[in-house]
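Numbers here are sequence positions counted from 1. Quick caveat, the model's predicted, so the values are computed rather than measured. Note: hydrogens, waters and symmetry copies are ignored here, and every other heavy atom, side chains too, is used.
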Amino acid sequence: MTASLQPTSLVDPHPEERLVLVAGAGRLPELVAESLDRSGRPFRVLAIRGFAERPMRARAEATVDLLDIAGALKVLEAWGPACVIPVGGVSRPNPAAILNAAAALRNRDALRAISGGGDDRLLRGALVLLEDNGHRVVGIHDVAPDLLSPEGQLGRLAPDLAARASIATGCGILAALAAYDVGQAIVVAAQRALAVEGPEGTDRMLARARALGRKPFGLGTAQPGTVLVKLAKTGQDLRVDLPAIGPRTVKAAAAAGCAGIAIQAGYTLIIDRDATVAEADRAGLFLIGLRIEA
């Protein structure tokens, strides 16, 4: 499971300016790369084999397997970046990501410590390993702030009084639950908690809210003032788990009977912002960024 390097120089002439984007799955790494291009900040891409999408694989100057810790550290040591930003999804090791058992054996102590738990544990363990080896790890919010939600109304619709009351209720409940490390999102209907996000993620939580709020069998009229509220958890490491929404979230919220979505301005990623806002307008949902200091 050795690092696979393209035939380019590993020596960076300006390491103090260089950022390394470690690309996992999904479209987010591509969006971050585009943001860095717009800002003119130089960066290199280290792709995770089996996870990075085609555009990022094409830009990658090196590729490593998910479990090849030694290989990844070797590349980073050669590049000497100012900071490292992990972007995109990964999951617990699967056959597509494990291409060389020798590397797994070589890294067995570190792998045993971080791969036995869930995805969050895997990511946090990877950050610790990077920092223990002298690398500064930063988050998307540090290098691509233009991808985060601004404050205020984002689409053509605004929340009514019932929705605003539910938003306030949702913010209060999430703040109270933050110490228990539950999810980042909640669906509130008529100022009552309908569903709180757990390990299943926002989309599945919304499916559950649809079944609860539109009976029987998820049909019927949703309760008034039904909203999705999504905030960063107090004290959460935003480098690992920055809240995010996208067009798919809007569609799921609409199916759940939500009148709109409230997210935390400055702390929530909007994947494909134009498409997300357009989907909210099409579905008749408001989309609003709340100024809440994390």
Side-chain angles (χ1 to χ4, degrees), residues 1-91 96-97 114 119-120 122-148 237-244 246 266-273:
M1 215 180 290
T2 57
S4 173
L5 300 177
Q6 294 183 4
T8 59
S9 173
L10 287 177
V11 179
D12 192 334
H14 302 292
E16 72 282 358
E17 300 177 352
R18 181 67 68 174
L19 173 73
V20 170
L21 193 162
V22 182
R27 178 156 160 70
L28 187 54
E30 185 181 358
L31 295 176
V32 173
E34 292 171 354
S35 175
L36 293 170
D37 287 337
R38 290 192 296 270
S39 67
R41 182 166 186 179
F43 66 98
R44 280 177 159 170
V45 175
L46 175 60
I48 301 178
R49 183 179 287 112
F51 293 95
E53 307 292 341
R54 184 187 300 271
M56 298 313 296
R57 296 199 305 269
R59 295 192 66 159
E61 295 181 51
T63 301
V64 294
D65 297 303
L66 177 63
L67 301 184
D68 189 4
I69 298 168
L73 291 175
K74 181 178 180 181
V75 173
L76 294 175
E77 181 181 5
W79 286 353
C83 50
V84 177
I85 175 171
V87 185
V90 297
S91 59
I114 68 174
D119 297 351
D120 283 352
L122 182 67
L123 289 169
R124 292 178 193 279
L127 295 190
V128 170
L129 284 170
L130 288 171
E131 291 177 329
D132 284 349
N133 282 271
H135 298 290
R136 178 179 172 228
V137 182
V138 300
I140 297 170
H141 57 295
D142 295 310
V143 299
D146 59 312
L147 299 181
L148 303 178
D237 190 339
L238 298 177
R239 299 172 303 172
V240 173
D241 194 15
L242 195 64
Y267 292 90
T268 306
L269 281 166
I270 303 181
I271 309 299
D272 290 325
R273 182 184 300 181

Exercise. Determine, step by step, whether R44 and W79 satisfy the side chain to side chain contact (heavy atoms under 4.5 Å, CB included) criterion, reporting the C-alpha distance in whole Å, the side-chain angles of both residues, the deciding distance to 0.1 Å, and the verdict.
Key: CA-CA 9 Å; R44 280 177 159 170; W79 286 353; 2.8 Å; yes
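- To the nearest 0.5 Å, atoms CG (L147) and OG1 (T268) are separated by 12.5 Å.
- Judged purely by atom type and a 3.5 angstrom limit, R273 uses its side chain to pair as donor or acceptor with the backbone of L148.
- Taking the side-chain contact (heavy atoms from CB on, under 4.5 Å) definition, one finds that A23 meets it with L21, P29, V45, A52, M56, sequence neighbours left out.
- Atom OG1 in T63 sits 13.5 Å away from atom CZ in F51 (nearest 0.5 Å).
- For R239, the salt bridge (Lys or Arg N to Asp or Glu O under 4.0 Å) partners two or more places apart in sequence, or in a different chain, are E131, D237.
- Taking P55 as the reference, E30, E53 meet the side-chain contact (heavy atoms from CB on, under 4.5 Å) condition, with sequence neighbours excluded.
- Contact detail for L31 and I271: the closest heavy-atom pair is CD1-CG2, 3.8 Å.
- Taking each heavy atom of I48 and G24 in turn, the nearest pair found is CD1-CA, 4.4 Å.
- Across R59 and F43, no two heavy atoms sit closer than the pair NH2-CZ, 3.1 Å.
- When all heavy atoms of P243 and L238 are compared, the pair lying nearest together is CD-CD2, 4.4 Å.
- Taking all atoms of both residues into account, the shortest heavy-atom contact from L36 to S39 is O-OG, 3.0 Å.
- In this view, D146 and R38 satisfy the salt bridge (Lys or Arg N to Asp or Glu O under 4.0 Å) rule, not counting sequence neighbours.
- Heavy-atom contacts from other residues, nucleotides or ligands closer than 6.0 Å to CD of E77 number 12 or fewer.
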Distance-only donor-acceptor pairs under 3.5 Å for side chains of residues 133-143, two or more places apart:
residue	atom	partner	partner atom	Å
N133	ND2	L129	O	2.7
D142	OD2	G139	N	2.9

